[in-house]
Amino acid sequence: MLAAAAVLALASTAYAHGGVLSYSNAGTWYQGWAPYNSPTGQTSIQRPWSSYNPITTVSDSTLACNDDGTAGALQLTATVAAGSQITAYWNQVWPHPYGPMLVYLAQCPGTSCTSVNSNSLEWFKIDESGLISGTVGDGFWGAGKMIQDNSSWTTTIPSTVPSGNYLIRFETIALHSLPAQMYPECAQIQITGGGSLAPTSAQLVQFPGGYGANDPGLTVDLYTNEAKTETTYVIPGPPLYGSSGSTGGGSPPTTSTGPTSTSSAPTPPPTSGTIPEYGQCGGTGWTGATAW
Ligand SMILES: *[C@@H]1O[C@H](CO)[C@@H](O)[C@H](O)[C@H]1NC(C)=O
Ligand SMILES: [Cu+2]
């Protein structure tokens, strides 16, 4: 119905926004859902999603998986070993280098996630990367590392997670303009060979619900004088799974003085000029279209 018009629009603004287009795990490639194609006949491990546009309201009903929360008619599930790496690939080249990367899991009741609405699930965060080096105003962020790594993000399924059926939610948040832009997509996985460490209640959130409109990590202004010297950034969402003695109230702040828990040494920022600083998404100085 709207497919032809949407494809034309997509061709002219291919790099403005986007989402996760595919995944890989243990040498297997998984094509994602194609949001601008007809849903009819689409088979994917990815949950359907509907728009390349960002979500900009924390109470948005699509915040879990960028859609109404239901599975596809021909929904697939990938079998993924606990302890293995899974990679999500965004459209090339992802245009927003300023902001965090976040990965969540949510366990489904029963023997499959397919009948489960993602809005009913409780999510725990298994990976996050905020400000890696430099300042809030002009630093190297998780999203910059994602771009540097082929517009992809690789995370390890914790070996301690109980086996079972899960949705995995990869998210990047763009902070180049306010309100912050949230880009989440989900895939359906069955984790095998897992452990026995369930997330604590303080580590579990629902979407919407997991983020607050006034979260410092979603309201930070990159263009203030303070941002030019600030080296601490508080990643939104619950404390990381596996962290001990957490009391809730957000993750500990990351600072640019060292690598985050799961990453290796900070990599240098991309060569300046390769990424448009405010890229076509309503950021400072952008005078072109902000919607399509
Ligand atoms: C980079 O990502 C694309 C998908 O966006 C993939 O086809 C390609 O194999 C990746 N390249 C490397 C070196 O991983
Ligand atoms: Cu965008």
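Whatever order the structure lists them in is the order used to number ligands and atoms, beginning at 1. In what follows, every heavy atom counts, from backbone to side chain, and hydrogens, waters and symmetry copies are set aside.
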Of all pairs that satisfy salt bridge (charged side-chain N to carboxylate O under 4.0 Å, His left out), the ones with a partner from residues 164-173, not counting sequence neighbours: Arg169-Glu171
Residue pairs fulfilling salt bridge (charged side-chain N to carboxylate O under 4.0 Å, His left out) with at least one residue in residues 27-37, sequence neighbours excluded: none
Please test Tyr183 against Gln181 for side-chain hydrogen bond (donor to acceptor under 3.5 Å, both in side chains), starting from the C-alpha separation and ending with a verdict. CA-CA 7 Å; Tyr183 295 92; Gln181 302 180 345; 2.7 Å; yes
Would you tabulate the polar-atom pairs, meaning N/O of ligand 1 against N/O of the protein, with distances under 3.5 Å, reported to 0.1 Å?
from, atom 1, to, atom 2, distance (Å)
ligand 1, 2 (O), Gln92, NE2, 3.3
ligand 1, 2 (O), Asn150, OD1, 3.4
ligand 1, 2 (O), Asn150, ND2, 2.4
ligand 1, 5 (O), Gln92, NE2, 3.3
ligand 1, 11 (N), Asn150, ND2, 2.8
ligand 1, 14 (O), Asn150, ND2, 3.4

Strictly under 2.8 Å, is the Cu ion (ligand 2) approached by any N, O or S atom of Pro95? no
Below 2.8 Å, any N, O or S contact between Asn53 and the Cu ion (ligand 2)? no
Judged by modelled atom types alone, do Ser59 and Thr57 share a side-chain donor-acceptor pair under 3.5 Å? no
Cut-off 3.5 Å, side chains only: do Ser152 and Asn150 have a donor facing an acceptor? no
Check the orientation of Tyr23 and Phe170. Use parallel for under 30°, tilted for 30 to 60°, and perpendicular for over 60°. tilted
Let me check something: any side-chain donor-acceptor pairs from residues 100-111 under 3.5 Å, sequence neighbours excluded? List them with distances.
from, atom 1, to, atom 2, distance (Å)
Tyr104, OH, Tyr211, OH, 2.8
Gln107, OE1, Tyr166, OH, 3.4

Taking the Cu ion (ligand 2) as the vertex, measure the angle between atom OH in Tyr183 and atom ND1 in His17; round to 10°. 80°
